[in-house]
Engineer: 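The structure is given below, and queries will be raised subsequently.
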Amino acid sequence: QVQLVESGGGLVQAGGSLRLSCAASGRTFNNYAMGWFRQAPGKEREFVAAIRWSGRSTYYANSVKGQFTISKDNAKNTVYLQMNSLKPEDTAVYYCAAGVSPTTGLNGYDYWGQGTQVTVSS
């Protein structure tokens with residue numbers, strides 16, 4: 001089992017930045033790829049970013065490429081999502097997830113956090 005706890009969400013003005021953290025505990029964190037997803041009200045959960053267990057390869061949704069950065073600190077069992085130049089359309093609940101490989105599909109992940117709310121005001 002892997003337990004994931006997100007933090008760092010909040011209310012920010014458009015153009016601002018936030019850094020989300022996802023702390024993992026349980027089974028060996030280093031063995032897992034990590035992903036970030038988000039779900040806006042009335043919409044399906046969508047892929048945002050993912051990173052291989054080694055941290056050497058990262059993947060992004062086209063909508064956040066160049067705006068968000070995913071990183072992983074295996075020593076701290078934590079994955080981060082740095083979000084810059086935030087827009088109102090980035091408002092959503094953000095979830096981290098752990099899985100075998102850094103896929104874009106929800107089904108590729110075995111463990112999920114409870115989510116953290118990000119609200120971007122215009």
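In this text, all values refer to a predicted model and were calculated from it rather than measured experimentally.
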Engineer: Ignoring hydrogens, what is the shortest heavy-atom contact between Leu11 and Ser121? Give both atom names and the distance.
Structural biologist: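 Taking every non-hydrogen atom into account, CD1-CB, 4.3 Å.
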Engineer: For residues Ile70 and Tyr60, determine if any side-chain heavy atom of one lies less than 4.5 Å from a side-chain heavy atom of the other.
Structural biologist: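 Yes - at least one pair of side-chain heavy atoms lies under 4.5 Å apart.
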Engineer: Is the closest side-chain heavy-atom distance between Gln82 and Leu20 below 4.5 Å?
Structural biologist: no
Engineer: Test your reading of the model: is there a side-chain donor-acceptor pair from Gln39 to the backbone of Glu46, 3.5 Å cut-off?
Structural biologist: no
Engineer: Taking the side chain as everything from C-beta on, heavy atoms only, tell me whether Met83 gets closer than 4.5 Å to Thr69.
Structural biologist: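 Of all side-chain heavy-atom pairs linking Thr69 with Met83, none is under 4.5 Å.
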Engineer: Does any part of the side chain of Tyr80, heavy atoms only, come nearer than 4.5 Å to the side chain of Asp73, both counted from C-beta?
Structural biologist: yes
Engineer: For Trp53, does its backbone N or O pair with a side-chain atom of Lys72 as donor and acceptor, under 3.5 Å?
Structural biologist: yes
Engineer: Under a single-linkage definition using a 4.5 Å side-chain heavy-atom cutoff for Ile, Leu, Val, Met, Phe, Trp and Tyr, are Leu86 and Trp36 assigned to the same hydrophobic cluster?
Structural biologist: yes
Engineer: Just grab all the side chain to side chain donor-acceptor pair (under 3.5 Å) pairs involving residues 97-115, residues at least two apart or on different chains.
Structural biologist: Glu6-Gln114
Engineer: Quick one, Leu4 and Met34 - any side-chain contact, counting heavy atoms below 4.5 Å?
Structural biologist: yes
Engineer: Using a 4.5 Å cut-off on heavy atoms from C-beta on, say whether the side chain of Phe68 contacts that of Asp90.
Structural biologist: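 In short, these two side chains touch, coming nearer than 4.5 Å.
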Engineer: If every non-hydrogen atom of Ala14 is compared with every non-hydrogen atom of Ser122, which pair is closest and at what distance?
Structural biologist: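 That would be CB-CA, 4.4 Å.
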Engineer: Minimum heavy-atom separation for Ala24 and Val2, please, with both atom names.
Structural biologist: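 Taking Ala24 first and Val2 second, the nearest heavy atoms are CB-CG1, 4.3 Å.
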Engineer: Kindly determine whether Phe37 and Tyr95 satisfy ring-ring contact (aromatic ring centres under 6.0 Å, His included), including the steps that lead there.
Structural biologist: CA-CA 5 Å; Phe37 290 76; Tyr95 299 89; 8.7 Å; no
Engineer: Applying side-chain hydrogen bond (donor to acceptor under 3.5 Å, both in side chains) to Tyr94 and Arg38, what does each step give before you reach the verdict?
Structural biologist: CA-CA 4 Å; Tyr94 283 71; Arg38 65 186 181 185; 3.0 Å; yes
Engineer: Mind listing the closest non-hydrogen atom pair of Thr78 and Ala23 along with its distance?
Structural biologist: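 Closest heavy-atom pair between Thr78 and Ala23: OG1-CA, 4.1 Å.
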Engineer: Set out, in order, the CA-CA distance, both residues' side-chain angles and the distance that settles side-chain contact (heavy atoms from CB on, under 4.5 Å) for Lys87 and Gln67, then state yes or no.
Structural biologist: CA-CA 10 Å; Lys87 310 166 190 174; Gln67 182 190 359; 4.0 Å; yes
Engineer: Applying the 4.5 Å side-chain criterion to the ILVMFWY set and letting contacts propagate, would Ile51 and Phe47 be lumped into a single cluster?
Structural biologist: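 Unlinked, Ile51 and Phe47 end up in two clusters.
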Engineer: Would you please test Asn84 and Ser17 for side-chain hydrogen bond (donor to acceptor under 3.5 Å, both in side chains) and show each step?
Structural biologist: CA-CA 4 Å; Asn84 298 327; Ser17 299; 3.0 Å; yes
Engineer: Could you check if a side-chain atom of Thr119 sits within less than 4.5 angstrom of a side-chain atom of Val12, using non-hydrogen atoms only?
Structural biologist: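 No, side chains not in contact.
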Engineer: Taking all non-hydrogen atoms of both residues into account, name the closest pair between Val79 and Ser71 and its distance.
Structural biologist: CG2-O, 3.0 Å
